[in-house]
Amino acid sequence: MPREKAIMTYGTAQDRLRAAAVAKLHKLTVSGWLLKVIRDEYRAVYGDTPPEKLNAEPDQR
């Protein structure tokens with residue numbers, strides 16, 4: 001699957017270290033682990049429903 005756009009988050013140095021520690025446990029990069037968490041949570045809530053059918057709009061802050 002091609003990379004299209006970045007998903008960004010902000011956090012403290014401690015947050016980054018926590019994410020790195022958890023990602024390492026799963027033998028993933030932090031980016032890979034975050035995407036896995038997002039995809040797993042989405043699947044648990046919405047199953048195979050395409051996101052465009054949910055009328056979900058990205059946060060435009």
Side-chain angles (χ1 to χ4, degrees):
M1 183 183 323
R3 296 162 118 181
E4 293 183 15
K5 301 212 182 220
I7 296 173
M8 295 179 63
T9 185
Y10 296 94
T12 65
Q14 214 172 28
D15 292 330
R16 289 188 293 279
L17 290 171
R18 288 179 184 129
V22 176
K24 186 175 181 179
L25 274 176
H26 293 276
K27 297 184 169 115
L28 296 168
T29 63
V30 172
S31 294
W33 174 72
L34 286 170
L35 286 171
K36 181 183 177 335
V37 169
I38 291 166
R39 290 170 179 158
D40 290 349
E41 181 72 13
Y42 182 92
R43 194 173 304 108
V45 174
Y46 299 112
D48 292 329
T49 304
E52 53 275 4
K53 296 217 180 217
L54 298 174
N55 288 334
E57 292 293 325
D59 191 357
Q60 298 294 322
R61 289 184 200 170

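Scope of the values below: all heavy atoms of this structure, side chains included, with no hydrogens, waters or symmetry mates. Being a predicted model, the structure only gives us computed values, none of them experimental.
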If you round to the nearest 0.5 Å, how far is CG of D40 from CG of L35?
10.5 Å
A20 and V30 have their tightest heavy-atom pair at CA-CG2, 3.6 Å
Side-chain donor-acceptor pairs under 3.5 Å in residues 7-14, sequence neighbours left out?
from: T12; atom 1: OG1; to: Q14; atom 2: N; distance (Å): 3.3
from: T12; atom 1: OG1; to: D15; atom 2: N; distance (Å): 3.0
from: T12; atom 1: OG1; to: D15; atom 2: OD2; distance (Å): 3.2
from: Q14; atom 1: OE1; to: R18; atom 2: NH2; distance (Å): 3.3

Student check: side-chain heavy atoms of Y42 and L54 closer than 4.5 Å
yes
